[in-house]
Amino acid sequence: MKIKVGVLFGGKTVEHEISIISAIQAMGYLDRSKYDVIPIYITKNNEFYVGEEVGKIESYTDINTLIKNSQRVIMVRDDNKVNLIKYPQKMFSKGVVDYIDIAFPIVHGTNVEDGTLQGFLKMFNIPYVGCDVLSSAVGMDKYVMKTVLKDNGIPVLDCKCYTAKQYDENEEAIIEEIEKVIGYPLIVKPVNLGSSIGISKAEKRTELYDSLDTAFRYATKVLVETAVQNLKEINCSVLGDYEEAEASECEEPVSSDKILTFAEKYIGDGSAKGAKGAKGGVKSSGSKGMATLKRKIPADITDEQRDTIRDLAVKAFKCLGCGGVSRIDFMMDTATGNIWLNEINTIPGSLSFYLWEPIGVKYSELLDRMISLALKREREGENITYSFDSNVLQGVKLGGGTKGAKGTKA
Ligand SMILES: Nc1ncnc2c1ncn2[C@@H]1O[C@H](COP(=O)(O)OP(=O)(O)O)[C@@H](O)[C@H]1O
Ligand SMILES: [Mg+2]
């Protein structure tokens, strides 16, 4: 029997639209001789919809009509599958619309890629493709991620991290600390966003104030780090899990000399009107999704640099406990040759398929391997004991006035 794969996309995230593109593109490559594919669209209010139109890209030009013509569902676990139940349920109507055996989240950004959707799926005890709750969450917070990587000997830029409250209360001290510890030029970024949103460079104190204000508009936690000079960016995808993983070809996204903008990454005509740093008119191939960003594949680096980056990518993937496919982005100073891991995308745009094709892994095979890894993790999870016999509750007396669980120890 075929495996029913529920592909989840959209959600309450600024990268909602990109996710629709990534997901519909991926569904086109899922091998229909092995899988029945159920597209599940998550609206910006986190409501789930299924139906004929949900899997068609044309439907998303008019989302109100799409929703009107589709069926809202809720998920309910039933034996080894998850049923999709009509919501709201009408009296006397058949509630179950469909079911899924495995979930395939193709979502980008906070509220979905950051462990939130993974946690929701985990509660159903249903296998899901890709990073688990912890690696998704750690991967989304650039500060926490750096801390873990640093502890594992992976080069990352030193940074300072502040909350909005700390900045409000100690503005002058924080500015001084940044100048002393980091120095100019520097980069300020929200810890948990993507697509260059809220990121800017500061060369002097007045710009630092502006950069912090900008970043705090998008997040309550921001980080500040040195701006890499003579920047070359190199991305590498990794496929596998905490035990075994392999690296893809490396790419070099071609940007203007500043920060790659949302428009450069996704809109693809390079005009990027009004967007900071989008000068330079990067041209794209005209199709959509991450695959449109102008890039060099393979990246223009030495064999030795390529080996270093691919090794670091695999090491980082494993030590963060990732699963499925991730894309790991590096920065290099071409004058010194220094390399730092910049960030990890636990559900990369277009699932990084374009980095696997050059080393002989077709998109359908990539998707197959991602699904197999999810099933492997599910099997491993089955061997873990989630309860043990104990008589903890037998001795419990919740007497008035006793605090919490005191006195419950036998
Ligand atoms: N320390 C840095 N030095 C120079 N450029 C940087 C630095 N950090 C980020 N950038 C630029 O900003 C872009 C976006 O930053 P990144 O950390 O990748 O955030 P996002 O999650 O938004 O992609 C990078 O692709 C790079 O062009
Ligand atoms: Mg990035």
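Order of appearance sets the numbers: ligands from 1, and atoms from 1 within every ligand. If you're wondering where the values come from, they're calculated on a predicted model, not measured in any experiment.
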L193: numbered ligand 1 atoms lying under 4.0 Å from its heavy atoms: 21 (O)
Ring centre gap for Y41 and H16 strictly below 6.0 Å: yes
Within-shell test, K201 vs ligand 1, heavy atom, strictly < 4.0 Å: no
Y363 ring center near Y354 ring center (under 6.0 Å): no
Heteroatom distance test (L157, ligand 1): nitrogen or oxygen, under 3.5 angstrom: no
side-chain hydrogen bond (donor to acceptor under 3.5 Å, both in side chains) partner of Y184, the single match among E203, E179, K204: E179
Side chain Q305, main chain T302, donor-acceptor under 3.5 Å: yes
From the candidates M331, E343, Q229, the one that places a heavy atom nearest atom 7 (C) of ligand 1: M331
Distance-only donor-acceptor check, side chains E225 and Y143, under 3.5 Å: no
Sub-4.0 Å heavy-atom approach of D329 to ligand 1: no
Side-chain H-bond candidate by donor/acceptor type, S350 with Q25, under 3.5 Å: yes
Ligand-residue contact atoms, ligand 1 with E225, heavy atoms, under 4.0 Å: 1 (N), 2 (C), 7 (C), 8 (N)
Any N or O of I199 closer than 3.5 Å to N or O of ligand 1: no
Enclosure of K12 NZ (heavy-atom neighbours >12, cutoff 6.0 Å): no
Under 3.5 Å side-chain donor-acceptor pair for D114 and N192: no
E343, N/O/S atom nearest the Mg ion (ligand 2): OE2
Proximity of V228 to ligand 1 by residue part, where a heavy atom lies under 4.0 Å: both
Element-labelled atoms of ligand 1 that are located less than 4.0 Å from some non-hydrogen atom of L231: 4 (C), 5 (N)
Per-atom contacts, ligand 1 versus K189 - under 4.0 Å to a heavy atom: 8 (N), 9 (C), 16 (P), 17 (O)
N, O or S from D329 under 2.8 Å to the Mg ion (ligand 2): no
Any T226 heavy atom less than 4.0 Å from ligand 1: yes
